[in-house]
Amino acid sequence: MRIQLLGSTVGDPTGYQFCMSYLINETIAIDAGSLGLQSPISVQQGVSHLLLSHAHLDHIATLPIWLDNVFEPSLQAPRIYASSSTWDFLQRHILNDSLWPNLERVAASEAPFYYPEILKPEQPVEIAGLTITPVDLDHLIPTFGFLIDDGQVAIALISDTSPTTRIWELCRQHPRLKAVFLEASFPNRMAWLAEKTKHLTPAMAFAELEKLGREDIPVYFVHLKPQHQVTMSHEVLSHQTQRPVIVVDPGHEYVISL
Ligand SMILES: [Zn+2]
Ligand SMILES: [Zn+2]
């Protein structure tokens, strides 16, 4: 399985994570924070399935732009998978004929811009050879983490969240789990802000990893706020642990294999 955190900077190759989108095996995207800004445009056109974790802007900011960029009536429209509450946010606040056209209305009798699919907690969906299971996290609005399994290896994407339990139970039991992509948003000195916004600091994230055990499984840190990236990278990489620890480099493709 190949996974890449898509870059969200322009003109500067530093690895800041302004907005969140992952690309998996080139055809599946998770979140659309930066998807609609990717160049060459063939990267955007190659995505036929998009799953959304939640409706916060750093995860959906370029969704309308991406849909506009890839729309071609003669081609199969992408499928977008999200919880019913995320769809509700999108329809009320984004695709509402004010901020952006209501694309389902626009395309009602023509070629669709997208096919909507509803994700339900712990009901796996089969997408392009992967089994993807959404799992409720604990964030300010309803948010899914994802377990992604290709039959040989599995990874967990756990972001955005405050301390949680269920996804760690599922990770602990998963026979093929090979990597956890975990959020840490604020440095340890800003635990108060992490708590109020339902995110994690590095110290909180390592406390979460205790729930996983299995210290052979690497943790890939994502969602570091850019102004704290240097401090947080130090906090993450200097933590005493046997577990391999990686700060994810946007634009780099990670190959997760046996
Ligand atoms: Zn969020
Ligand atoms: Zn976020």
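All ligand and atom numbering here is 1-based and tracks the order in the structure.
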Original post:
Any idea which N/O/S atom from Asp58 gets closest to the Zn ion (ligand 2)?
Top reply: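 Per the distance ranking, Asp58 contributes OD2 as its closest N/O/S atom to the Zn ion (ligand 2).
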Original post:
Can you tell me the N, O or S atom of His223 that's nearest the Zn ion (ligand 2)?
Top reply: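 It is NE2, the N, O or S atom of His223 closest to the Zn ion (ligand 2).
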**OP:** Using only heavy-atom distances, determine whether the side chains of Asp160 and Thr143 contain a donor-acceptor pair under 3.5 Å.
**Re:**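 Distance-only check fails for Asp160 and Thr143.
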Original post:
Are Gln227 and Tyr16 linked by a side-chain donor-acceptor pair shorter than 3.5 Å?
Top reply: no
Side-chain heavy-atom pair [X], [Y] within 4.5 angstrom cut-off:
X: Leu212; Y: Leu177; result: yes
X: Tyr220; Y: Ile3; result: no
X: Lys198; Y: Asp138; result: yes

Original post:
Measuring to the Zn ion (ligand 2), does Asp160 have an N/O/S atom at a distance below 2.8 Å?
Top reply: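 Yes, within the cut-off.
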Original post:
Is the Zn ion (ligand 1) less than 2.8 Å from at least one N/O/S atom of His59?
Top reply: no
Original post:
What's the atom name of the N, O or S in His56 nearest to the Zn ion (ligand 1)?
Top reply: ND1
Subject >> Where the Zn ion (ligand 1) is the vertex, angle from His54 NE2 to His139 NE2 to 10° >> reply: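 The NE2/NE2 angle about the Zn ion (ligand 1) sits at 110°.
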